[in-house]
2 protein chains.
Amino acid sequence: MESHKAKRVTLADVAEASGMSKAAVSMILNNKPGSRLSAEATERVRGVAKELGYRPNAAAQSLRSGKTRTLGFISDQVTVTRFASEMITGILRAAESREHTVLIAETFGKPEQMAEAIKQMAHRDVDGLILGFMDSRQRDLKIPQTGLPTVLVNGIDDSPCTAVLPNENESGAKAVRHVVESGARSVAVIGELGSAEKDPRTYPSITRRFGSLRRSLSEANLEVLGHWVLDDWNPTDGYQATTQMLSEGYKPEAIICANDRVAMGVFQALAEEGLTPGADLSVLSFDDEIIASYLRPQLSSIRLPYEEMGALAVDLLLEGSLEPGEHQIDMPLIERDSMKRN
Amino acid sequence: MESHKAKRVTLADVAEASGMSKAAVSMILNNKPGSRLSAEATERVRGVAKELGYRPNAAAQSLRSGKTRTLGFISDQVTVTRFASEMITGILRAAESREHTVLIAETFGKPEQMAEAIKQMAHRDVDGLILGFMDSRQRDLKIPQTGLPTVLVNGIDDSPCTAVLPNENESGAKAVRHVVESGARSVAVIGELGSAEKDPRTYPSITRRFGSLRRSLSEANLEVLGHWVLDDWNPTDGYQATTQMLSEGYKPEAIICANDRVAMGVFQALAEEGLTPGADLSVLSFDDEIIASYLRPQLSSIRLPYEEMGALAVDLLLEGSLEPGEHQIDMPLIERDSMKRN
DNA sequence: CGAAAGCGCTCAGCTAGATTG
DNA sequence: GCAATCTAGCTGAGCGCTTTC
């Protein structure tokens, strides 16, 4: 008679069924080096294990070994943009290839929940911790000092730590170069953020993006028709700025937008004036959100490489090379149809 | 002399430091009912635990208790739309309020990886499993029979199981009602999917959405100016269908779009003809993706309630009420500015 | 290749002393 | 004065696994 509860198969069951000791079975199933077990026994144990449907108990393994083969990912917000999703994908891919699983938590945009989330992860004894910041405006991360190996993604902190960031220090230069190569002679920049640059720590990405842009613009052989400063980066903002620019008589051959959402607004304003990106003028943007490919024509954009960033964070954690410092990842230019070839 | 490795504080340490037994400390820290320990002792133990920075070892607890307080979430794809993110958010919120953490995995769109992912979760002994399907076209889920309590979100399977779905059986009716109430006399439906309805199991949502639409349309006092069947649901498809419709001379007072991406294309085509949604005619859509609020004017849409779906899945799992069957969640109408008031 | 010792924790069961009838 | 009952806590076994010896 079987017991009522289909008890889970344990190492001991396999050992008994195969006439071996638990130790031997353990060694075989983990193919430990240094063990000299007969091929015949190895074969037999493997067979029995499979037949019985043996599955090691992770809790027991962790308890014994002190390693959980688990990574923790805490996001300030699993937002609505593609960014969180791609970061998760990158993390999952990298973690899987190293045979780790990932625990996920979110602070729901409330910084004070960070400590709680980290405590949860510590309780779970994750082997490493990834802190992802979607809303990169956040400041004063208040990262509790656990002993956990930690890497920040898309965020920086005052305390020395390992961080992975997009290479915004080059992104503006890349944009300008692309515009120059397209043959445009004049350019307008739409979307500089009014408050953003007051505190570089608050908006590191934004500050760097525009810093790079401005430096490159001043060196390039381009007539700069002005910067339009916005309060926010939504389509409406881009729409209004563009409408105003057009009404003031400016006719730039190229427009560089702060991001794709403002570019969407730019497209709308342009359309109302009968202007078509890619044909009448060039539009280039940053981020490469999903809407970039929805626009007509499709928008060329300099991509935020979140998936790569997530993957790198995992590699850093599992490679053990955690000296404090920044790792910058190239932002690739995604060429689509919004640039006019002159 | 302290040992070199700052050994982690265990229950035994707290017990010793407070002059109690491990059992007593365990009871106190877990405030077990039925135990009658002096208030004084309770106080003292709590104090010592905090002072020492005691943190229970989750692996040991799991091993002993057989419960991991962990839920597994496997997604077929952590896509680029808002859906996966919202589902995760819902799951995280619900799980947190019940003091569970969540392990996440993805099949990267490869159905054959589902078995592997589930095995991972089983190995980790999750207390429950949530299978999320973003790409609801998937068929033949091939869910390995683990003994794990499982709920499907946005997917159905041949085997009897608990599933959470959006209430698409009413979504079409809701749309038609809203159009009728707006005072429109004629309507066009853009975006019926050619292949979708051949197999209701393959696209349950789509099939139901259009089933509901068609039933309601036939009962409503509306002139139906035709259904435009599309191959896919991207902006380009909506754009082309609308352009063609307009060129054939149709002038519906309202357009119902299969989803927001299609609606985006519809907006583009309308704009080219000088037609403004909300002023010249009504446009209503489904899903309420992020782009719905980016469009000009903002798009009214019947929302896919992914966050609620995720949360319900958790509740179901943790409540233990897992009879096979479907739980349908209302799809709320998000009113914005694309409906013309007649 | 086996025996045995735990990893840190929880749970059922026990006990020593204080209070009652 | 003594058995019965409480009070307040302790003991020990063992979860399933890995790792000396």
Side-chain angles (χ1 to χ4, degrees), chain A residues 3 5-46 48-49 52-70 122-127, chain B residues 3 5-46 48-49 52-70 122-127:
Chain A
S3 91
K5 323 217 121 220
K7 279 280 297 158
R8 186 160 151 173
V9 181
T10 76
L11 192 68
D13 298 332
V14 178
E16 187 175 4
S18 59
M20 297 264 114
S21 69
K22 295 194 300 174
V25 174
S26 174
M27 315 227 76
I28 290 173
L29 261 23
N30 297 313
N31 37 245
K32 276 280 147 142
S35 61
R36 17 345 72 116
L37 299 174
S38 74
E40 185 266 326
T42 302
E43 194 80 0
R44 180 157 39 91
V45 167
R46 290 240 167 77
V48 171
L52 260 41
Y54 170 67
R55 208 158 13 82
N57 178 316
Q61 288 178 311
S62 301
L63 180 56
R64 190 63 240 251
S65 65
K67 297 246 139 272
T68 55
R69 303 198 76 73
T70 298
H123 172 211
R124 245 63 189 197
D125 269 302
V126 295
D127 293 340
Chain B
S3 89
K5 323 219 121 221
K7 277 280 296 160
R8 185 160 153 173
V9 181
T10 76
L11 191 68
D13 298 330
V14 178
E16 187 174 5
S18 60
M20 295 267 114
S21 71
K22 293 193 303 173
V25 173
S26 174
M27 313 226 79
I28 289 173
L29 262 23
N30 296 315
N31 37 244
K32 272 283 143 128
S35 64
R36 45 292 115 101
L37 298 178
S38 72
E40 186 264 328
T42 302
E43 193 82 0
R44 180 158 38 91
V45 166
R46 289 241 170 76
V48 171
L52 261 41
Y54 171 66
R55 208 158 13 81
N57 179 317
Q61 289 179 310
S62 301
L63 179 56
R64 188 63 242 252
S65 66
K67 297 249 139 268
T68 55
R69 303 197 75 73
T70 298
H123 172 211
R124 245 64 188 196
D125 268 302
V126 295
D127 293 339

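Everything numeric in this text was worked out from a predicted model, so none of it was measured. Here is the naming used below: chain letters follow the sequence lines, and residue numbers restart at 1 for every chain.
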Legend entry - Spacing between Asn30(A) atom CG and dG16(D) atom P, to the nearest angstrom: 17 Å
Nucleotides 19-21 of chain D: which of its N/O atoms have a protein N/O under 3.5 Å away?
| residue | atom | partner | partner atom | Å |
| --- | --- | --- | --- | --- |
| dT19(D) | OP2 | Lys32(A) | NZ | 3.2 |

Legend entry - Nearest-angstrom distance from the residue atom CD of Glu16(B) to P of dT11(D): 13 Å
Inset, instruction - For dG2(C), take OP1 and OP2 only and decide whether either is under 4.0 Å from a side-chain N or O of Ser21(A). - result: yes
Inset, instruction - Compare all side-chain heavy atoms of Val48(B) with those of Met20(B) and state whether any distance is below 4.5 angstrom. - result: no
Inset, instruction - With the side chain counted from C-beta on, respond yes when Arg46(B) and Asn31(B) share a heavy-atom pair under 4.5 Å apart, and no when they do not. - result: yes
Inset, instruction - Have a look at Ala59(A) and say if it touches a base, only the backbone sugar-phosphate, or nothing, with a 4.0 Å heavy-atom cut-off. - result: nothing
Legend entry - Rounded distance (Å) that lies between atom P of dT18(D) and atom CG of Asn31(A): 12 Å
Legend entry - Asn57(B) side chain near dC7(C) phosphate (N/O to OP1/OP2, under 4.0 Å): no
Legend entry - From dC10(D), dG16(D), dG2(C), nucleotide with atom closest to Met20(A) side chain: dG2(C)
Inset, instruction - Could you tell me whether the phosphate oxygens of dT18(D), OP1 or OP2, come under 4.0 Å of any side-chain nitrogen or oxygen in Gln61(A)? - result: yes
Inset, instruction - Find out whether Ser62(B) and Asp125(B) are in side-chain contact, i.e. whether some heavy atom of one side chain is under 4.5 Å from a heavy atom of the other. - result: no
Inset, instruction - Ignoring the backbone of Leu11(B), work out which of dC9(C), dC17(D), dC7(C) is nearest its side chain. - result: dC9(C)
Inset, instruction - Measure the shortest side-chain to side-chain distance between His123(A) and Gln61(B) over non-hydrogen atoms and say whether it is less than 4.5 angstrom. - result: yes
Legend entry - From CD (Glu16(A)) to OG1 (Thr10(A)), nearest 0.5 Å: 9.0 Å
Inset, instruction - Specify the separation, in whole Å, of atom CG of Asp125(B) and atom P of dC15(D). - result: 15 Å
Inset, instruction - For the residue pair Leu29(A) and Tyr54(A), establish whether any side-chain heavy-atom pair is separated by less than 4.5 Å. - result: yes
Inset, instruction - Take the protein atom CZ of Arg8(A) and the nucleotide atom P of dC15(D), then report the distance between them rounded to whole Å. - result: 14 Å
Legend entry - Any donor-acceptor pair under 3.5 Å from Arg55(A) side chain to Arg124(B) backbone: no
